[in-house]
Amino acid sequence: MSKTIIHTDKAPTAIGAYSQAVRAGNTVYLSGQIPLLPESMTLISETDFAEQSHQVFKNLRAVCEAAGGSLNDIVKINAYLTDLSHFATFNEVMAQYFAQPYPARAAVGVMSLPRGALVEAEAVMVLGE
């Protein structure tokens with residue numbers, strides 16, 4: 001099985017040795033997105049968790065679209081929060097980008113994230129034949 005590297009200028013460029021996403025067969029593995037603005041590679045906000053969460057989903061959506069899919073094709077999300085007291089806010093923001101049935105998800109509390117981000121999310125997307 002071959003793999004295809006996914007890249008779009010509508011999402012932040014990788015800040016390490018990784019690709020924005022990799023497609024293998026009908027499955028697309030989306031790398032973690034932090035709330036960077038693609039045009040400036042700076043955080044959308046230093047302290048506003050909801051605003052950061054929105055940017056994470058906008059970045060994920062851009063990568064999904066570059067791979068030929070949409071957020072609706074995501075089957076699994078892993079979310080990383082530096083403060084689990086923001087869990088309810090993350091749920092509220094996520095609900096604005098997804099409809100039922102929701103993808104499977106894990107939410108994990110972490111000590112820190114790149115660039116001082118408060119939230120990061122990665123996903124797995126499955127595309128139709």
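Just so it is clear, the model here is predicted, and its values are computed rather than measured.
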Can you pull out every ring-ring contact (aromatic ring centres under 6.0 Å, His included) where at least one residue sits in residues 8-49? Sequence neighbours excluded, please. F49-H86
Determine whether [X] and [Y] make a side-chain contact, defined as any pair of heavy atoms from C-beta on separated by less than 4.5 Å.
{"X": "L127", "Y": "R23", "value": "yes"}
{"X": "Q96", "Y": "S53", "value": "no"}
{"X": "T42", "Y": "L36", "value": "no"}
{"X": "P114", "Y": "E120", "value": "yes"}
{"X": "P12", "Y": "M41", "value": "yes"}
{"X": "V124", "Y": "T27", "value": "yes"}
{"X": "I44", "Y": "H54", "value": "no"}

Give me the atom names and distance for the closest heavy-atom approach of [X] to [Y].
{"X": "I15", "Y": "R115", "answer": "CG2-NH2, 3.4 Å"}
{"X": "L113", "Y": "Y80", "answer": "CD1-O, 3.6 Å"}
{"X": "S31", "Y": "L60", "answer": "O-CD2, 4.2 Å"}
{"X": "A50", "Y": "V93", "answer": "O-CG2, 4.1 Å"}
{"X": "A11", "Y": "P38", "answer": "C-CB, 3.7 Å"}
{"X": "T82", "Y": "S112", "answer": "CG2-CA, 4.0 Å"}

Answer yes if [X] and [Y] sit in the same cluster of Ile, Leu, Val, Met, Phe, Trp and Tyr residues linked by side chain heavy atoms under 4.5 Å apart, and no otherwise.
{"X": "L118", "Y": "V110", "value": "no"}
{"X": "V75", "Y": "I6", "value": "no"}
{"X": "V119", "Y": "Y102", "value": "yes"}

Measure the [atom1]-[atom2] distance between [X] and [Y] for me, rounded to the nearest 0.5 Å.
{"X": "L30", "Y": "N78", "atom1": "CG", "atom2": "CG", "result": "11.5 Å"}
{"X": "D48", "Y": "L43", "atom1": "CG", "atom2": "CG", "result": "11.5 Å"}
{"X": "Q52", "Y": "L81", "atom1": "CD", "atom2": "CG", "result": "10.0 Å"}
{"X": "N26", "Y": "D73", "atom1": "CG", "atom2": "CG", "result": "10.5 Å"}
{"X": "E65", "Y": "L71", "atom1": "CD", "atom2": "CG", "result": "7.5 Å"}
{"X": "F98", "Y": "S70", "atom1": "CZ", "atom2": "OG", "result": "9.0 Å"}

For a side chain to side chain contact (heavy atoms under 4.5 Å, CB included) check, start with the C-alpha distance between R105 and N91, then their side-chain angles and the critical distance, and finish with the verdict. CA-CA 11 Å; R105 189 186 82 193; N91 281 334; 2.7 Å; yes
Does atom NZ of K10 have more than 12 heavy-atom neighbours from other groups under 6.0 Å away? no
ring-ring contact (aromatic ring centres under 6.0 Å, His included) with F90: which residues, sequence neighbours excluded? F57
Q55 side chain to N59 side chain, donor-acceptor N/O pair below 3.5 angstrom: yes
